[in-house]
There are 2 protein chains.
Amino acid sequence: MPRAGLHPDAVVGAGAALADETGFAALTMGALAERLGVRTPSLYKHVASQEDLHRRIAALALTEAGDAVGAAIQGRSGRDALAAAAHALRDFVVTHPGRYAATVGLTPTGPDDPVAVAAARGLAPFEAVLRGYDVAAEDRVHALRALRSVFHGFATLEADGGFQFSTTVDDSFDWLVDLVHRGLVAAGGTAQVPQHGA
Amino acid sequence: MPRAGLHPDAVVGAGAALADETGFAALTMGALAERLGVRTPSLYKHVASQEDLHRRIAALALTEAGDAVGAAIQGRSGRDALAAAAHALRDFVVTHPGRYAATVGLTPTGPDDPVAVAAARGLAPFEAVLRGYDVAAEDRVHALRALRSVFHGFATLEADGGFQFSTTVDDSFDWLVDLVHRGLVAAGGTAQVPQHGA
DNA sequence: CACGTTGGCTAATTGTGATAGCTTCTGGCT
DNA sequence: AGCCAGAAGCTATCACAATTAGCCAACGTG
C-alpha cells in the first residue's frame with residue numbers, strides 16, 4: 001500500500017483550498033481526508049485536532065493576505081498606498097473566503113501563538129501605509145486598529161452577503177477608502193505629501 | 001408530570017442568554033435543553049432546527065442592538081449622536097457577545113427574512129445619525145455601509161480578543177469614532193477640509 | 001367529562017471528531 | 001543486502017450532537 005506522502009503543510013493547504021471552494025463550515029475532517037485520498041484518522045498524524053487545523057489555516061490566510069497587501073503597496077504611498085492595500089485585502093477575501101473565515105472568532109493564546117505572529121505579519125503592510133500619513137506616534141496603535149476594523153468589517157460583511165444591492169458594493173468600498181483617507185489626513189492636521197519612507 | 005410551559009420566544013431568549021454566558025460555540029441543543037429543564041428533542045416543538053434557533057437569536061440581537069442605539073441617540077445629533085451610537089453598539093456587543101456572534105456569517109435568504117428585517121431595523125438609528133451630516137443623497141448607502149463596516153469590524157475584533165493591549169482599546173475606539181467623524185464632515189464639504197494636497 | 005391539540009418523553013439514526021492499537025512503508029546504518 | 005526504529009497509514013470503536021419517529025400525558029374547550 002503506497003503512502004500518500006502527506007505532511008502538515010499539505011494538509012493545511014488542502015484544507016484552506018477546500019474551505020475556499022465549499023465554505024468554511026463544510027470543512028470537515030472527513031471531507032478533507034477524502035480530498036487527500038486518505039482516511040479520516042490519518043489526518044491526525046499531521047494536525048493535532050480540527051481546531052489546530054483551523055488555527056493553521058488562519059495563520060496561512062493572514063500570512064498570505066499580508067503578503068498580498070505588501071506586494072500591492074510596493075512603490076506607492078499616501079492615498080495610493082491606502083487604496084491599493086484596501087483593494088488587495090478585499091480581493092484576497094473575495095478570492096479566498098473560506099480560509100479568511102478561519103481567522104474570525106479566534107482568540108490568540110499568547111504573543112508567541114502562530115496565529116498572533118501571522119496576524120502581526122499581516123498587519124505590517126498597514127503600518128507601512130500609515131507611515132504615509134502624519135499620525136502622532138501615540139496614535140499609531142489606534143490608527144492601525146482603525147484600519148483593521150474598517151477593512152475587516154467590510155470584507156466580512158461582504159463575504160457574508162450582508163450588503164443588499166450588490167451592484168453598488170464597489171462604489172461603497174471606494175467611498176469607504178476615501179472616508180478613511182479623509183479621516184487620516186485630518187488626524188494629522190497637516191497633509192503630509194506622500195513620500196514613501198520619509 | 002407538569003409541563004414546562006415553553007414557547008418559542010422563551011427558547012430563543014434562553015438560547016441568547018446561554019450564548020452570552022458560555023459563548024456562541026457552546027450553544028448546543030443539549031445545553032439549552034438542560035437550562036430549560038427539558039429534554040433535547042422537546043426543543044424541536046418550538047424551533048425547527050439549530051439553524052432556525054441561530055437565526056432567531058440573530059434577529060433578536062439585531063433588534064435589541066438597534067433599540068439600544070436608537071435610545072442612545074435620542075436628543076443628540078452630529079458628532080454627539082455618532083459617538084453615542086457607536087458606544088451604544090459597542091456596549092451591547094461587549095455585554096451580549098454570544099447573541100451578537102449569532103449575527104455573523106448569516107446570509108439572509110431574502111428581503112422578507114426575519115433576519116433581514118431585524119437588520120434593517122437595527123440599521124435605522126445609523127441612518128438617523130447620518131442625517132446629522134451633510135452627505136449627498138446618492139452617497140447615503142455608502143456612508144451607511146461604512147458605519148456598519150467600521151463598528152461591526154471593531155466590535156467583532158474586540159469580542160474575539162483580537163486587540164493585544166487591552167488597556168488602550170477604549171482610546172482606540174474613541175479615536176476611531178473621531179476618524180469617522182472627520183471623514184464624514186469632509187465628505188459633505190461643510191466643514192474644514194484640511195489642507196489635503198494644499 | 002370527552003376529546004382533539006399540544007408539549008413533553010424515550011428510543012433510535014446519522015454524522016462528525018477523536019483515540020487506540022495494529023500494520024506496513026521508508027530511510028538510515030551496519 | 002538486510003535490519004530496525006519511527007513515521008504514516010489503516011480498521012475498529014467511542015463519545016457526543018443534531019435530528020426524527022412515535023408514544024403518551026397534560027391542557028383547554030365544548
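None of the values given here were measured: they were computed from a predicted structure. The sequence lines fix the lettering, A, B, ..., with proteins before strands; numbering per chain opens at 1.
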Considering only heavy atoms, which members of residues 40-55 of chain B lie under 4.0 Å from some atom of DNA chain C?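 When residues 40-55 of chain B is checked for heavy atoms under 4.0 Å from DNA chain C, the hits, listed by number, are B:Pro41, B:Ser42, B:Lys45, B:His46.
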Atom [atom1] of [X] to atom [atom2] of [N]: distance rounded to whole Å?
{"X": "A:Arg39", "N": "C:dT23", "atom1": "CZ", "atom2": "P", "result": "18 Å"}
{"X": "B:Leu6", "N": "C:dC9", "atom1": "CG", "atom2": "C1'", "result": "13 Å"}
{"X": "B:Met29", "N": "C:dC9", "atom1": "CE", "atom2": "P", "result": "13 Å"}
{"X": "A:Glu34", "N": "C:dT16", "atom1": "CD", "atom2": "C1'", "result": "14 Å"}

How about B:Glu34: does its CD atom have over 12 heavy atoms from other parts shown lying under 6.0 Å from it?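 For B:Glu34, atom CD is not crowded (no more than 12 foreign heavy atoms under 6.0 Å).
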Tell me if the CZ atom of A:Arg39 is crowded by more than 12 foreign heavy atoms within 6.0 Å.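 Result for CZ/A:Arg39: open.
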Taking the ring centre of each residue, are B:His96 and B:Tyr100 less than 6.0 Å apart?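 Centroid distance B:His96-B:Tyr100: not below 6.0 Å, so no.
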For a quick test of reading the model, state the closest non-hydrogen atom pair linking A:Ala68 to A:Ala88 and the distance between them.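 That closest heavy-atom pairing would be O-CB, 4.0 Å.
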How close do B:Gly15 and B:Leu27 get, heavy atom to heavy atom, and via which atoms?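 Distance-wise, the nearest heavy atoms are O-CD1, 3.7 Å.
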Salt-bridge contact B:Arg90-B:Asp170 (side-chain N to carboxylate O under 4.0 Å):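 Judged by the 4.0 Å cut-off on N to carboxylate O distance, B:Arg90 and B:Asp170 do form a salt bridge.
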How far does OG1 of A:Thr168 sit from CG of A:Asp174, to the nearest 0.5 angstrom?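 Here the rounded value is 11.0 Å.
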Checking the side chain of B:Asp20 only, and the main-chain atoms of B:Thr95 only, is there a donor and an acceptor separated by less than 3.5 Å?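 Checked: no pair found.
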For DNA chain D, what residues of residues 8-28 of chain B have any heavy atom nearer than 4.0 Å?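 B:Thr28, in order of number.
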